[in-house]
Amino acid sequence: MKILIIDDEKNIRISLTNILEDEGYEVQSYATIKSGLAGLEESDPDVILLDVILPDGNGIEALEEIKKTMPQTPIIMISGNSNISSAVKAIKLGAFDFLEKPLSLPKIKITVKKALDFHALTLKLIRMQADSERAWRMIGQSPVMNELNKLISKVAPSNAKILIYGESGTGKELIARLIHARSSRKDKTFVKFNSAAIPRELVESELFGFEKGAFTGATSRKKGKLEEADGGTLFLDEIGDMELASQAKILRVIQEGEFERVGSNQTHRIDARIIAATNQNLPEMVQKGTFREDLYYRLNVVPIQSPPLRDRTSDIPLLINHFAYDLALELGTRIKVFQPSALQKMQRQSYPGNVRELKNIMERIYLLCDKEILEAEDIQPLLPDAGTATNDAALFWEETASFQDKKREFEIRYLGRQLERFGGNISKTAAALGLQQSNLSRKISELGLK
Ligand SMILES: Nc1ncnc2c1ncn2[C@@H]1O[C@H](COP(=O)(O)OP(=O)(O)OP(=O)(O)O)[C@@H](O)[C@H]1O
Ligand SMILES: [Mg+2]
């Protein structure tokens, strides 16, 4: 930690330097504004101690000057003749604190420590904000993405419920976060609840919270996701995976804004904007009776389609550049440059897992490829279907088998590989391949796939 002192009294400089160095800080001191400002540029301190009356000017003016270039760095003013109005002025101009001479050494130590903690926290916050803004930026200039962007801006400011459809990895969560970020609730929380990601028996206690003693293991009362989202946005991810009993309860929240914690009769009210997402075919589920019709109509006020990557291949180079930059930052390496041949290769690739898959492939390239300038042949071995192409070709030209046998063989290999890609999840695979789930299930048993 670096501390910079500007004070014209030599004794003060010496005693401040001594006590702060004893605390383990690196200290530099200057007797004039001019030399202090020059020192600032070089050392980029974490805290500045600044005297008010200096031989070559006024410390308050220097404060103003420093704030312009280093708005985050805390500045502690120190002054010989205590003067309330200059203290007030300094604080108004953004000074962290104002200490009077004679200086109390314990007070100096405490104030410096506080300023350093504050500075560290501010920097952390700025970094987190930048990270999250960047992490949730929607990249794309294709016509479908431009339309989507317009639609998001149009519906974001209202409180309308939104249902986002789309294959996995297309950016459904990203759309939900953008809607929140462009709404009047943007400074409140965005809470994500994914009913597919937690065991069924925990869905209600996670969502509604519970009272102490509601069930074995409930040793204290806990707020649910709903309460966390009060005033903000509640994102119900994978809503199609919620079981019917929970659907009934969430319907009541949506209709009346009311719910009870598990193990309690007391009714709570909340105000949260609801955005839901699914990669399943909800109308079909309604017909089969696995999704409540009333809930479907409540949620489906504004439907938004998250387009698959194959409908916007012109965005692939933009996405590659975006991820190339992100990954370089994240991994602390230099940015890799994709030459036209490599870009073309990537653009021709098929991405059943959409943007998420593209991102994973980029990560693989960053981790496994040492080159910085990439041509098609450098990335070829790292693409998902590498190595299988030649086998497939051999299979294709085989002379004996009948058409029916070939077709069956193709189906086994193709569906087998696609199922593998989605971890055996039938609904995700069906959605990605544009098949009805029931058709896919039938095929799987017909072909004897596991
Ligand atoms: N247009 C885009 N621009 C930049 N990044 C994107 C874009 N679309 C998706 N991504 C990134 O791809 C990843 C997957 O996006 P997201 O989680 O929003 O998809 P999803 O549709 O919710 O997927 P799943 O169904 O698997 O939950 C995220 O890392 C996201 O930041
Ligand atoms: Mg998602």
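As a basis for the values below, the full set of heavy atoms in this structure was taken, side chains included, without hydrogen atoms, waters or symmetry mates. Both ligands and their constituent atoms are indexed starting at 1 by order of listing.
- Two rings, from F235 and F193, have their centers 6.0 Å or more apart.
- The shortest separation from a heavy atom of K428 to ligand 1 is not under 4.0 Å, leaving the residue out of contact.
- In this structure, K336 forms a cation-pi arrangement with Y366, its terminal cationic atom sitting closer than 6.0 Å to the ring centre and no more than 45° off the ring axis.
- Other residues, nucleotides and ligands contribute only 12 or fewer heavy atoms inside 6.0 Å of the CZ atom of R334.
- Close contacts between ligand 1 and L319 involve ligand atoms 2 (C), 3 (N), 4 (C) [criterion: under 4.0 Å to a heavy atom].
- For ligand 1, the atoms closer than 4.0 angstrom to any heavy atom of M145 are 1 (N).
- Neither the backbone nor the side chain of I175 has a heavy atom within less than 4.0 Å of ligand 1.
- By heavy-atom distance, the residue among T278, L309, D237, T170 lying nearest atom 8 (N) of ligand 1 is T170.
- In this structure, G169 is part of the shell of residues with a heavy atom less than 4.0 angstrom from ligand 1.
- For atom 7 (C) of ligand 1, the candidate residues are D326, D315, L174; the nearest heavy-atom contact is made by L174.
- Look at K371 and D378 and you find a salt bridge, because one of the NZ, NE, NH1 or NH2 atoms lies within 4.0 Å of a carboxylate O, short of that distance.
- In terms of protein heavy-atom proximity, atom 1 (N) of ligand 1 is nearest to I139 O, 2.9 Å.
- Under the side-chain contact (heavy atoms from CB on, under 4.5 Å) rule, L234 has a single partner from I275, I274, I270, which is I274.
- A donor-acceptor pair shorter than 3.5 Å cannot be found between the side chains of S195 and D241.
- Salt bridge E446/R442: present, at least one basic N to carboxylate O contact under 4.0 Å.
- Summarising the contacts of atom 25 (O) of ligand 1 with H322, E173, K172, the nearest heavy atom is found in K172.
- Each of the following atoms of ligand 1 lies closer than 4.0 Å to a heavy atom of M138: 1 (N), 3 (N).
- Residue-ligand proximity, V355 to ligand 1, at heavy-atom distances under 4.0 Å covers atoms 6 (C), 7 (C), 8 (N), 9 (C), 10 (N), 11 (C), 12 (O).
- At least one heavy atom of R137 sits less than 4.0 Å from an atom of ligand 1.
- In the vicinity of G171, heavy-atom distances shorter than 4.0 Å reach the ligand 1 atoms 8 (N), 9 (C), 15 (O), 16 (P), 18 (O), 19 (O), 20 (P), 21 (O).
- For the pair R273 (side chain) and S158 (backbone), a donor-acceptor distance under 3.5 Å is present.
- The protein heavy atom nearest to atom 31 (O) of ligand 1 is A135 O, 3.6 Å.
- Ligand 1 places these atoms under 4.0 Å from at least one heavy atom of K359: 29 (O).
- For atom 17 (O) of ligand 1, the closest heavy atom belonging to the protein is R356 NH2, 3.2 Å.
- Checked for salt-bridge contact, E64 and K89 miss the test: no charged N lies under 4.0 Å from a carboxylate O.
- For F215, the CZ atom is densely surrounded, since the number of other residues' heavy atoms within 6.0 Å is greater than 12.
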